[in-house]
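Below is one structure, written out as structure tokens; comments come after it.
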Amino acid sequence: MQSRFVSADAAASLVADGATVALMGGGGGLMEATALFQAVERRFLAGAGPRGLTLVHALGIGDKQQRGMNCFAHEGLVRKVIGGHWVWSPRMQQLARDEKIAAYILPGGVSSQLLREIGAGRPGLFTHVGLGTVCDPRLGGGRMNASADEDLAEVVQVDGREYLRYKPYRVDVALVRASAADEDGNISFEHEAANLDATAIALAARASGGQVIVQVKERLPRGALKAREVRLPAAWVDAIVVDAGQRTSYDIPFDAALSGELAGAARLAAEAAERQPADEPFSERQAVARRAACELVEGAVVNYGVGIPDAVARLVARRGELDRIYQTIEHGTYGGSLLDGVLFGYARNASAMLDAPTQFDFYSGGGLDIAFLGFGEFDAEGCVNVSRLGGLTVGPGGFIDIAQNARKVVFCGTLAAKGVQLQTGDGSLRVLKQGRVAKLVPRVAQITFSGPQALRRGQQVLYLTERASFRLTAAGVELFEIAPGIDLQRDVLDQIGFAPRLAEPIATMAASFFRSEDDGFGALSAR
């Protein structure tokens with residue numbers, strides 16, 4: 001049988017003009033096939049094509065500069081992007097804003113699961129996820145600019161209930177990242193920090209008669225991989241590129257704790273060290289995290305988003321309470337110590353790593369007890385926007401899949417933005433300068449989470465800010481707590497774009513949330 005091993009440039013030549021290319025990866029270089037991305041870019045810039053690609057990706061990929069989706073952000077190289085999350089490529093965002101490409105978004109889990117359905121030859125993905133949001137064809141159908149002129153989903157009725165059918169499409173090329181390939185072409189993920197949707201992407205390309213191109217770090221002799229170590233069998237693989245410089249992340253060459261390979265005494269020692277995360281300077285971020293942590297109960301299955309939810313995860317770790325909950329992230333990881341910022345999606349010493357479509361199956365089936373998520377803005381009906389901010393395509397990532405399915409959703413963020421100056425640390429909070437941008441608005445620019453839908457589903461929804469806490473009720477958003485030191489009228493009501501209901505009485509948050517030292521108030525309670 002002819003060898004599948006080729007150079008990156010030879011692999012890039014397999015990507016034809018007009019092809020639909022499925023990509024995988026996460027921020028910070030998580031499972032990103034960087035050498036393949038760069039080879040496609042290099043070939044295009046040399047004038048050899050390809051042109052007019054359609055790109056599909058579930059999560060954010062890149063470094064906000066040159067890598068990841070930025071490799072494809074050239075006018076002419078791409079004509080259409082269906083992306084779960086866009087912020088890691090400002091250049092691609094700008095192409096969308098300038099109408100140089102047709103820009104669409106899908107929920108991250110929907111995107112991964114749809115690829116799996118395509119791989120199985122089924123007629124698309126039927127799901128409740130996305131109803132009442134921007135992905136609902138009645139509210140935009142995932143279209144993010146005027147150049148996007150088709151709906152990615154349609155509303156259908158099954159047994160008297162509404163669902164969305166996300167439509168299947170052809171996948172001509174899958175660009176997959178893995179750890180190793182043996183001489184026969186069998187693929188292992190052993191040293192990767194996640195599995196993501198590699199299997200679904202490869203299946204979709206195979207079912208479409210397309211090409212599966214895999215980037216690995218090492219080439220192994222025949223028989224080196226045990227059967228249970230093979231995640232993509234040779235029968236699925238068309239070409240393999242060895243990149244000896246492949247790294248766990250852009251900045252981390254390799255870390256066995258991130259790939260989940262530590263065991264025994266080494267793992268126990270690493271876990272003990274990770275339970276003492278470095279302190280960060282006290283600010284309103286920690287105050288919101290302390291208030292949010294009060295919503296946790298022992299044994300809860302939890303998801304953390306990016307932003308202030310990062311601080312909730314760090315607080316739980318610092319308090320030594322990781323073993324009292326089941327911590328998950330949408331990338332497929334359970335347990336461990338979560339990394340944040342550009343490395344969101346990585347976890348040291350995870351207890352389990354699943355494929356992302358399977359993780360989203362668990363979420364869609366109601367497996368999440370509590371989700372801590374950020375918000376860009378929210379309105380009087382409790383609707384939240386994170387997918388289009390400041391006129392830029394941001395995308396939801398796994399936000400819609402998670403927020404729509406958790407029993408309790410705790411949105412965490414600041415009440416205002418741009419120029420806010422606060423003073424805290426002594427048990428109270430004072431606003432020295434109000435922000436120029438209100439985040440509580442009369443109507444969100446785009447619905448990424450639907451308050452009315454949440455009420456119909458019976459979800460419990462909180463919106464926690466540093467100045468006040470709100471909750472979703474049948475009559476709309478209600479303010480029920482304020483921070484000590486805050487003037488309700490001047491610092492809250494005058495700074496937001498709608499008049500919330502006011503609870504009777506309005507409680508005052510604990511002063512301990514606003515002290516530099518954490519006294520553990522609000523630690524996990526039993527169910």
Side-chain angles (χ1 to χ4, degrees), residues 1-15 22-26 28-40 119 173-206 210-264 266-267 331-333 345-350 352-356 358:
M1 187 177 295
Q2 186 176 1
S3 174
R4 295 176 175 85
F5 291 89
V6 299
S7 69
D9 290 328
S13 70
L14 299 174
V15 182
L23 309 173
M24 63 179 296
L30 179 63
M31 285 200 85
E32 178 189 308
T34 305
L36 290 175
F37 291 7
Q38 291 173 341
V40 173
V173 180
L175 298 184
V176 177
R177 150 81 177 262
S179 299
D182 68 16
E183 289 289 347
D184 291 326
N186 296 301
I187 304 297
S188 166
F189 298 169
E190 182 179 7
H191 302 313
E192 299 304 310
N195 298 331
L196 299 186
D197 48 5
T199 302
I201 287 172
L203 280 172
R206 294 302 294 174
Q211 302 278 319
V212 178
I213 305 173
V214 184
Q215 175 189 308
V216 299
K217 183 177 178 63
E218 57 183 335
R219 179 175 181 172
L220 301 176
R222 178 175 288 111
L225 293 175
K226 298 175 183 176
R228 288 190 179 275
E229 294 173 338
V230 175
R231 302 306 301 270
L232 298 180
W236 296 13
V237 178
D238 296 288
I240 301 167
V241 172
V242 177
D243 175 18
Q246 180 172 295
R247 302 163 73 90
T248 296
S249 81
Y250 294 140
D251 300 319
I252 302 171
F254 174 70
D255 186 337
L258 293 178
S259 59
E261 295 179 67
L262 295 183
R267 174 167 176 162
H331 303 69
T333 302
Y346 291 84
R348 285 196 171 92
N349 298 302
M353 288 182 179
L354 306 182
D355 292 347
T358 303

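Count residues from 1 along the sequence. Given the structure is predicted, the values throughout are model-derived calculations rather than measurements.
- Tyr346 places none of its side-chain heavy atoms less than 4.5 Å from the side chain of Ile252.
- The shortest non-hydrogen separation linking Gln215 to Thr34 is OE1-N, 3.4 Å.
- Scanning all heavy atoms of the two residues, the minimum distance from Ala8 to Ala35 falls at CB-O, 4.1 Å.
- Paired with Ile240 under the rule side chain to side chain contact (heavy atoms under 4.5 Å, CB included), one option of Val212, Val6, Asp182, Ile187 passes, and it is Ile187.
- Residues Ala11 and Val241 come closest through the heavy atom pair CB-CG2, 3.6 Å.
- To the nearest 0.5 Å, the span separating CG on Asn349 from OG1 on Thr333 amounts to 12.0 Å.
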Review item, side-chain donor-acceptor pairs of residues 216-225, under 3.5 Å, at least two apart:
from: Lys217; atom 1: NZ; to: Ala244; atom 2: O; distance (Å): 2.9
from: Lys217; atom 1: NZ; to: Gln246; atom 2: O; distance (Å): 3.1
from: Arg219; atom 1: NE; to: Glu183; atom 2: OE1; distance (Å): 3.4
from: Arg219; atom 1: NE; to: Glu183; atom 2: OE2; distance (Å): 3.1
from: Arg219; atom 1: NH2; to: Glu183; atom 2: OE1; distance (Å): 3.0
from: Arg222; atom 1: NE; to: Asp184; atom 2: OD1; distance (Å): 2.8
from: Arg222; atom 1: NE; to: Asp184; atom 2: OD2; distance (Å): 3.3
from: Arg222; atom 1: NH2; to: Asp184; atom 2: OD1; distance (Å): 3.0

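- For residues 220-248, no pair satisfies ring-ring contact (aromatic ring centres under 6.0 Å, His included), with sequence neighbours left out.
- To the nearest 0.5 Å, atoms CD (Glu190) and CD (Glu229) are separated by 5.0 Å.
- Taken to the nearest 0.5 Å, the CD atom of Gln211 stands 10.5 Å off from the CG atom of Leu175.
- Nearest heavy atoms, Ala33 versus Arg177: N-CB, 3.9 Å.
- Shown here are the ring pair (Phe, Tyr, Trp, His ring centres under 6.0 Å) partners of Phe37, two or more places apart in sequence or in another chain: Phe72.
- Not counting sequence neighbours, the partners of Asp355 by the salt bridge (charged side-chain N to carboxylate O under 4.0 Å, His left out) test are Arg231.
- Under the ring pair (Phe, Tyr, Trp, His ring centres under 6.0 Å) criterion, Phe254 pairs with His191, not counting sequence neighbours.
- A heavy-atom distance below 4.5 Å is found between the side chains of Thr199 and Leu232.
- Within the structure, salt bridge (charged side-chain N to carboxylate O under 4.0 Å, His left out) contacts touching residues 235-251 (residues at least two apart or in different chains) are Arg206-Asp238.
- Minimum heavy-atom separation, Ala178 to Val214: CB-CG1, 4.0 Å.
- Rounded to the nearest 0.5 Å, atoms CG (Leu14) and CD1 (Ile213) are 4.5 Å apart.
- Note that CG of Leu354 is 12.0 Å distant from CG of Leu196, once rounded to the nearest 0.5 Å.
- Arg348 CZ to Ser259 OG: the interatomic distance, rounded to the nearest 0.5 Å, is 11.0 Å.
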